[in-house]
Amino acid sequence: MIYLDHAASTPMRPEAVAAMLPYLTEHAGNPSGSHAASRIAKSALEQAREDVAACLGCDAREVIFTGGGSEADNLAIKGAAWARHDEGLDGVVTTQIEHKAVLGATHRLAKEGFRVEHARATSDGIVDLDELSSYLDERTSLVSVMTVNNETGIVQPLGELYELVRAQSPHALIHTDAVQAPQWLDMTVATAGCDLVSISGHKFGGPKGVGVLVNRSRTDLVPLIEGGGHELGFRAGTQNVAGIVALGAALMATHEHRSEETIRIAGMRDELQSGLLRQLNNIALNGDIERRVAGFLHVAIAGVESETLLVALDVLGVCAASGSACSSGAIDPSHVLLAMGMSRERALSSVRFSLGWASTQPEMEQAMLGVADAVTRLRAVAA
């Protein structure tokens, strides 16, 4: 199997598996207890918190462990908006190209009476900062813009966003869904101006079902899950120690190897790209390729519907995607591509190939041949 869907989920890194196993087998203690077994679990939990903080450029007391990126997004957006509503701050501004976890959270707030605005994107896949700026005012409570788009891989201009928000909405918090960023960007730099930062373990070689919300401003958040006061009162429930330890190990390994892995993966991505452009006509790249991260290749292949192509590739043992993992199986075109002004026809013919730490050179050569063969056959049938 040739796995080119790392943006949906990555294989676990060996470091993460090794770190996780003892807490699945030997150490059963609840980290909230006081006896020796609990202290072992508590020590591992807090070491992981320290490791995550070091990689993300924050204090350990600002790290909140969650059940994944979607929960982290919801806690940041709903939690901050609810907590600040009584201060007269009722404006929430985001973009039309966000992950559905962010869009779902903001749509919920709109139903509750918050003033919610969604800025469009340019044809290059970058948030339209002029439009976003027009929505900012003194009552804006929260602005949420992702770090790296999960479909196109385009890096968003968080530095410019920071300047805009601070100038026009001095009371607003800035949240970024950075789920697709740790593999490619130095998080201590990329998200430095953000108050709230969401990541998810399974995107960079950790396990599924565990994530992080960085609360860099240590702002008040209304918790989504209430109970025993875990995670500084922001997220009740016994912590997933094994998953958290594995996330910490995966993030540390990602941080340590990012420079060389990014170069290696970008080279393989470029080889796959050049091969497809050489083998096939009427194929176009989506988004500003100068702003995309190393592991993404997003293309529109004229004359072939993406869902049909993905089925053909699956038969050949090639795993790819037509949009975000949360939208797989949908017949509607990607909301991200439509927000970029792309035609419905082109959006429905677009495919995302995403590479990661486990990708290899032979896979690229086999994938190129497989995609070219599948497209050629599908076009012949449609002719």
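Count residues from 1 along the sequence.
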**Report entry** Min side-chain heavy-atom separation V145-T176 under 4.5 Å
**Finding:** no

Query raised in the report: Would D59 and R216 pass as an ion pair if we require N to O under 4.0 Å?
Result: no

**Report entry** Note: R139-D90 ion pair, threshold 4.0 Å (strictly below)
**Finding:** yes

Query raised in the report: What about the rings of F65 and H230, do their centers lie closer together than 6.0 Å?
Result: no

Report summary line: Checking Q183, K203, E261, R13 against T254 for side-chain hydrogen bond (donor to acceptor under 3.5 Å, both in side chains), the one that qualifies is R13

Query raised in the report: Does V93 share a hydrophobic cluster with L158, counting links as ILVMFWY side-chain heavy atoms below 4.5 Å and allowing steps through other members?
Result: yes

Query raised in the report: Is E260 salt-bridged to R264, going by a charged N under 4.0 Å from an acidic O?
Result: no

Query raised in the report: Got S43 and R39 here, is their nearest side-chain heavy-atom distance under 4.5 Å?
Result: no

Query raised in the report: Between V17 and M20, does a side chain to side chain contact (heavy atoms under 4.5 Å, CB included) hold up when you go through it step by step?
Result: CA-CA 5 Å; V17 174; M20 186 180 203; 5.7 Å; no

Report task. Decide yes or no for L103 and H118: does some side-chain heavy atom of the first lie under 4.5 Å from some side-chain heavy atom of the second? Result -> yes

Query raised in the report: If we ignore angles and hydrogens, is there a donor and acceptor under 3.5 Å between the side chains of S134 and E131?
Result: no

Query - All salt bridge (Lys or Arg N to Asp or Glu O under 4.0 Å) counterparts of E15, not counting sequence neighbours - result: none

Query raised in the report: With a 4.5 Å limit on heavy-atom distance, are the side chains of I77 and V102 in contact?
Result: yes

Requested in this report: Assign the ring pair H6 / Y3 to parallel, tilted or perpendicular, where the plane angle (0 to 90°) is split at 30° and 60°.
Outcome: perpendicular

Query - CA sep, side-chain torsions, deciding dist, call: M187, V214, side chain to side chain contact (heavy atoms under 4.5 Å, CB included) - result: CA-CA 11 Å; M187 295 287 285; V214 174; over 6 Å; no

Report task. Evaluate the side chain to side chain contact (heavy atoms under 4.5 Å, CB included) criterion for residues E117 and T94: first the C-alpha distance (whole Å), next the side-chain angles of each, then the deciding distance (0.1 Å), finally the verdict. Result -> CA-CA 6 Å; E117 299 289 354; T94 186; over 6 Å; no

Query raised in the report: Between T238 and P31, is any pair of side-chain heavy atoms under 4.5 Å apart?
Result: yes

Report task. Answer yes if L232 and I225 sit in the same cluster of Ile, Leu, Val, Met, Phe, Trp and Tyr residues linked by side chain heavy atoms under 4.5 Å apart, and no otherwise. Result -> yes

Report task. Answer with yes or no whether the side chains of S141 and H171 bring together a donor and an acceptor at under 3.5 Å. Result -> no

Report task. Verify the neighbour count for atom CG of D270: are there more than 12 heavy atoms of other residues, nucleotides or ligands below 6.0 Å? Result -> yes

Query raised in the report: Taking 4.0 angstrom as the limit, do R377 and D373 come out as a salt bridge?
Result: yes

Requested in this report: Scan side-chain atoms only and decide if T188 and D186 contain a donor-acceptor pair under the 3.5 Å cut-off.
Outcome: yes

**Report entry** E305 atom CD: more than 12 heavy-atom contacts under 6.0 Å
**Finding:** no

Query raised in the report: Would you say the side chains of R352 and N150 form a donor-acceptor pair under 3.5 Å?
Result: no

Report summary line: Applied to residues 222-247, the salt bridge (Lys or Arg N to Asp or Glu O under 4.0 Å) test, sequence neighbours excluded, yields R49-E231, E71-R235

**Report entry** Atom CZ of R166 with >12 non-hydrogen neighbours under 6.0 angstrom
**Finding:** yes

Query - Any side-chain donor near an acceptor of the partner, N286 and S350, under 3.5 Å - result: yes

Query raised in the report: Can a salt bridge be assigned to the pair E151 and K100 using a cut-off of 4.0 Å between side-chain N and carboxylate O?
Result: no

Query raised in the report: Are F204 and V52 co-members of a hydrophobic cluster defined by side-chain heavy atoms under 4.5 Å apart?
Result: yes

Report task. Could you tell me whether R115 and D137 have a side-chain N and a carboxylate O separated by less than 4.0 Å? Result -> yes

Query - Side chains of L185 and T147 in contact at under 4.5 Å (non-hydrogen atoms) - result: yes

Report task. Any chance you could lay out the side chain to side chain contact (heavy atoms under 4.5 Å, CB included) test for S70 and H99, step after step, and finish with the verdict? Result -> CA-CA 9 Å; S70 291; H99 187 275; 4.0 Å; yes

Report task. Evaluate the side-chain proximity of L224 to K78: yes if any heavy-atom separation is below 4.5 Å, no if none is. Result -> yes

Query raised in the report: Applying the 4.5 Å side-chain criterion to the ILVMFWY set and letting contacts propagate, would V143 and I126 be lumped into a single cluster?
Result: no

Query raised in the report: Is the CD atom of E345 crowded by more than 12 outside heavy atoms at less than 6.0 Å?
Result: no

Query - Lys/Arg-Asp/Glu bridge criterion (N-O < 4.0 Å) met for R108, D73 - result: no

Query raised in the report: Should F234 and T66 count as side-chain neighbours, where that means a heavy-atom distance under 4.5 Å?
Result: no

